[in-house]
Amino acid sequence: MGKLAYRTLRENITDAIRMKIVGQELKPGDHIVEAELANEFGISRGPIREALRQLEIEGLIEYTRNIGCSVKQITIQDSYEIYFMRTGYETMSVKLVGGKIPGDTLDRMEDILDKMKNLDVEHYDEVFAYDNGFHGELVKMANMPRLYQAWSQLNYGNVISGYREDLDRNYVVSRQYTIHKELVDACHTGNTDSICRVISEHYMKTIRHLLKEQGISEEEAGFCMDFLL
């Protein structure tokens, strides 16, 4: 890859490394060597170090003593935190509009819902593009750029969670239309409490399934199973 423009160098390098992780070129547990990335991108190690620092903040990589930097393995605890925060941002947006979801927002959500109806496991990558686009509409409607930015920073964690090796991809694909239709139906009610409750249950269903997959009971996990409390 050729040298990138300095003005956007750090951002571009961060995006490039992030996409290596999302695309599974760098997998959970893989060691990340600054010198190798600097050589690949044709730049000094400084911007690489800055990019890795940002990705550490996002929770995609971690530093371990005597080991160094590696791609983080997303745990159930990580998924719980990601979905807890997404719920918080989305319900905040719903409360800001008093539960009255704008018509154009609903139209865009329903367009994405229609695309979810025909998803199959061969197009697994599209699951997360549709999911983030769908939920992003709920946050955008509040017209608060910082709120949307904070929510957006969790998107890559959501994608990484969806590429865990032990995840049942057929299950993930098969449920997309149903669980998102429930949310669209709730949005049509105009009732703030009902919409927020469905958003919470939407994310909690995933947590319950992850716990079940790993043979962990809700009591053993120690999680609060209601994101609205």
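- Looking only at atom types and distance, the side chain of S217 has a donor-acceptor partner in the side chain of E220 under 3.5 Å away.
- Atom CE of M225 is separated from atom CD of E218 by 4.0 Å, given to the nearest 0.5 angstrom.
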Worked check of salt bridge (Lys or Arg N to Asp or Glu O under 4.0 Å) between R208 and E201: CA-CA 10 Å; R208 289 194 174 99; E201 282 300 313; 3.5 Å; yes
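- Residue I199 holds its CD1 atom at 5.5 Å from CG of L138, rounded to the nearest 0.5 Å.
- The backbone N or O of F128 sits less than 3.5 Å from a side-chain atom of N132, completing a donor-acceptor pair.
- The backbone N or O of D78 sits less than 3.5 Å from a side-chain atom of T75, completing a donor-acceptor pair.
- Between G190 and K100, the closest heavy-atom pair is O-NZ, 3.3 Å.
- Looking at residues two or more places apart in sequence or on another chain, you find a side-chain contact (heavy atoms from CB on, under 4.5 Å) between E110 and D107, V184, H188.
- The minimum heavy-atom distance linking L96 with A142 is given by the pair CD1-CB, 3.9 Å.
- With no hydrogens or angles considered, a side-chain donor-acceptor pair links H180 and D131 at under 3.5 Å.
- Looking at L119 and Y130, their side chains come closer than 4.5 Å, going by heavy atoms from C-beta outward.
- A donor-acceptor contact under 3.5 angstrom links the side chains of H135 and Y203, judged on distance only.
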Check against side chain to side chain contact (heavy atoms under 4.5 Å, CB included), R10 and R53: CA-CA 11 Å; R10 181 181 62 81; R53 190 175 298 119; over 6 Å; no
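- Residues A221 and L211 share a closest heavy-atom pair of CB-CD2, 3.6 Å.
- With hydrogens and angles disregarded, a donor-acceptor distance shorter than 3.5 Å links the side chain of S200 to the backbone of F227.
- A salt bridge links R108 and D104; the closest N-O separation between the charged side-chain nitrogens and carboxylate oxygens is under 4.0 Å.
- Across C196 and V94, no two heavy atoms sit closer than the pair SG-CG1, 4.1 Å.
- To the nearest 0.5 angstrom, C224 atom SG is 6.5 Å from M204 atom CE.
- Closest of all the heavy-atom pairs between T189 and S194 is OG1-CB, 4.2 Å.
- The closest donor-acceptor contact from the side chain of T105 to the backbone of M141 lies at 3.5 Å or more, if one exists at all.
- When side chains are defined from C-beta on, S70 does not count as touching D30, because their heavy atoms never get closer than 4.5 Å.
- For Y83 and F223, the ring centers are positioned 6.0 Å apart or more.
- Counting heavy atoms from C-beta on, the side chains of E34 and C69 never come closer than 4.5 Å.
- The main-chain N or O of G88 is found under 3.5 Å from a side-chain atom of T91 such that the two form a donor-acceptor pair.
- Between K181 and D114 there is no salt bridge, since none of the side-chain N atoms of the basic residue sits less than 4.0 Å from a carboxylate O of the acidic one.
- Residue L9 holds its CG atom at 8.0 Å from CD1 of I48, rounded to the nearest 0.5 Å.
- Both I216 and I207 belong to a common hydrophobic cluster when Ile, Leu, Val, Met, Phe, Trp and Tyr are linked at side-chain heavy-atom distances under 4.5 angstrom.
- The shortest heavy-atom contact between A51 and I13 is CB-CG2, 3.7 Å.
- Interatomic distance, CZ of R197 versus CG of N191, reported as 11.5 Å (0.5 Å rounding).
- The backbone N or O of E62 sits nowhere less than 3.5 Å from a side-chain atom of K72 that would complete a donor-acceptor pair.
- V33 and M19 are assigned to two separate hydrophobic clusters, defined by single-linkage of ILVMFWY side chains at heavy-atom distances under 4.5 Å.
- Taking 4.5 Å as the limit, some side-chain heavy atom of I61 sits within range of a side-chain heavy atom of I21.
- Distance check, rounded to the nearest 0.5 Å: CD1 of I101 to OG of S93 gives 7.0 Å.
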Enumerate, atom names and distances included, each donor-acceptor pair closer than 3.5 Å involving a side-chain atom of residues 148-155, sequence neighbours excluded.
residue : atom : partner : partner atom : Å
W151    : NE1  : E90     : OE2          : 3.0
S152    : OG   : Y148    : O            : 2.8
N155    : OD1  : R86     : NH1          : 3.1

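- Other residues, nucleotides and ligands contribute at most 12 non-hydrogen atoms within 6.0 Å of the CD atom of E81.
- R175 meets the side-chain contact (heavy atoms from CB on, under 4.5 Å) test with Y171, I179, K205, T206; sequence neighbours excluded.
- Ring geometry for Y80 versus F84: interplanar angle under 30°, hence parallel rather than tilted (30 to 60°).
- Residues L52 and Y63 meet the side-chain proximity criterion, which asks for heavy atoms closer than 4.5 Å.
- Between K115 and Q176, every side-chain heavy-atom pair lies at or beyond the 4.5 Å cut-off.
- Classification of R18 and E11 as a salt-bridged pair fails, no side-chain N sitting under 4.0 Å from a carboxylate O.
- Between L60 and V71, every side-chain heavy-atom pair lies at or beyond the 4.5 Å cut-off.
- No side-chain donor-acceptor contact under 3.5 Å links E36 to the backbone of I32.
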